[in-house]
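Inspection log for the structure reproduced underneath, given as structure tokens.
In listed order, ligands and their atoms are each counted from 1. For this chain, numbers begin at 1 and follow the sequence in order.
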Amino acid sequence: MLEECGLPYKVVPMQLGKGDQHKPEFLELSPNGRMPAIIDHAPADGGEPFSVFESGAILIYLAEKSGQFLPAEPRARSQVLQWLMWQMAGLGPMLGQHGHFLLYAPEKIPYAIDRYGRETRRLYGVLDAQLAEGEYIVGDYSIADIACFPWIMTHKAQGLSLDDYPNIKRWYTLLRARPKLQTGLALGKDERKPMDEQARKILLGVDKPAYSEAEAQGAQQQ
Ligand SMILES: N[C@@H](CCC(=O)N[C@@H](CS)C(=O)NCC(=O)O)C(=O)O
């Protein structure tokens, strides 16, 4: 998004496998302990630096700051925001869970793989039908496209073929050809490291007990 907007930026790499996302200085910016988060050192009001967490909120903030990729006309704006919310509440979380149970879970649980797999395919179908209506998700290239693209990029790992979704395939090829998107994708490539067992535990949050003592006692009493 920063590349597409032409805004200057500095990337601060995070090592999720080392728990950088749990550090107090990061939690001040992103209380949910997840990346991305940004700090705007030149906010429009000329005041103190301003931080934003949650990718959807970041996209809206940068679209409003740069006046790009989010139309001002109320109907078009609402449509872009509808699809942005669809990504935030559906595509992202469901594909995240599908990927987890398919690729990372230490045991293969067919029910979970099936449930999230079905939902993943349903969501792909919804997007494919929407993309039958136009070149981009709604109107011109927007933050809805920018938000959805990275999840569609994971289709192979999710066990999907874009041949089953011809409109997504056309849109995906169109977006992939954007030079600024390519620059964005290449960022931080050298920083990415394979996960060892400890990093996996930290990232999946299984380095801590799943239940509190009170919950464990309550379960025994039932
Ligand atoms: N809803 C959040 C999701 C962010 C998210 O899950 N980020 C992942 C990396 S892509 C993360 O920070 N994971 C660290 C962790 O789970 O500890 C958003 O869209 O910004």
Side-chain angles (χ1 to χ4, degrees), residues 1-5 7 9-40 50-65 69-70 80-106 112 116 119-120 123-124 126-127 137 142-158 160 175 181 184-211:
M1 176 62 173
L2 287 157
E3 277 292 327
E4 293 276 18
C5 291
L7 289 168
Y9 61 90
K10 180 182 148 212
V11 176
V12 181
M14 303 267 301
Q15 295 224 32
L16 299 180
K18 290 205 171 145
D20 283 354
Q21 68 276 35
H22 304 136
K23 290 185 176 160
E25 59 270 31
F26 183 70
L27 291 173
E28 250 176 62
L29 311 175
S30 182
N32 196 35
R34 299 280 188 276
M35 64 175 211
I38 61 163
I39 306 175
D40 183 357
F50 185 71
S51 65
V52 190
F53 73 101
E54 278 294 325
S55 58
I58 294 171
L59 288 170
I60 296 170
Y61 181 85
L62 294 174
E64 287 177 342
K65 184 179 171 79
F69 311 121
L70 177 60
V80 169
L81 293 177
Q82 288 169 45
W83 283 96
L84 180 68
M85 297 304 145
W86 176 83
Q87 193 278 18
M88 296 298 137
L91 193 72
M94 294 303 132
L95 271 63
Q97 293 303 321
H98 183 231
H100 173 81
F101 285 110
L102 193 66
L103 305 168
Y104 298 112
Y116 289 112
E119 185 59 3
T120 293
L123 290 161
Y124 262 67
V126 171
L127 184 59
I137 297 179
S142 73
I143 53 175
D145 300 288
I146 295 176
C148 290
F149 179 84
W151 278 111
I152 302 303
M153 231 173 80
T154 69
H155 62 270
K156 273 196 198 132
Q158 304 259 356
L160 289 129
L175 263 61
L181 187 144
L185 286 180
L187 287 173
K189 261 205 169 133
D190 301 340
E191 305 285 342
R192 290 172 211 160
K193 305 202 170 63
M195 261 197 285
D196 61 19
E197 189 46 27
Q198 183 56 17
R200 197 187 72 84
K201 281 188 175 163
I202 291 175
L203 189 56
L204 299 183
V206 292
D207 55 330
K208 301 178 200 83
Y211 302 101

- Task: Look at atom 1 (N) of ligand 1 and say which protein heavy atom is nearest, naming residue and atom and giving the distance to 0.1 Å.
- Result: Glu54 OE1, 2.8 Å

- Do any N or O atoms from the side chain of Gln15 and from the backbone of Asp20 form a donor-acceptor pair under 3.5 angstrom? no

- Message: Any side-chain to backbone donor/acceptor pair from Gln87 onto Ala147? Under 3.5 Å, distance only.
- Response: yes

- Query: Between Ile202 and ligand 1, which residue portion shows a heavy-atom distance shorter than 4.0 Å: side chain, backbone, both, or neither?
  - Reply: neither

- Who's the nearest protein heavy-atom neighbour of atom 19 (O) of ligand 1, and how far? Ser55 OG, 2.6 Å

- Message: Looking at Lys10, I'd like to know if its NZ atom is crowded, meaning that more than 12 non-hydrogen atoms belonging to other residues, nucleotides or ligands lie closer than 6.0 Å.
- Response: no

- Message: Counting non-hydrogen protein atoms only, what is the nearest one to atom 11 (C) of ligand 1? Give residue, atom name and distance.
- Response: Arg34 CD, 3.5 Å

- Task: Among Leu95, Leu127, Thr120, find the residue that satisfies the side chain to side chain contact (heavy atoms under 4.5 Å, CB included) test when tested with Trp151.
- Result: Leu95

- Message: Does the protein place a non-hydrogen atom closer than 4.0 angstrom to atom 3 (C) of ligand 1?
- Response: no

- Looking at side-chain heavy atoms only, is the closest gap between Ile38 and Tyr9 below 4.5 Å? no

- Task: Please verify whether a non-hydrogen atom of Gly92 lies at under 4.0 Å from ligand 1.
- Result: no

- Return the option from Met35, His22, Gln21 holding the heavy atom at the smallest distance from atom 10 (S) of ligand 1. Met35

- Task: For Pro36, counting its heavy atoms only, list the atoms of ligand 1 lying under 4.0 Å from any of them.
- Result: 20 (O)

- Task: Check the surroundings of atom NZ in Lys65: do more than 12 heavy atoms from other residues, nucleotides or ligands lie under 6.0 Å from it?
- Result: yes

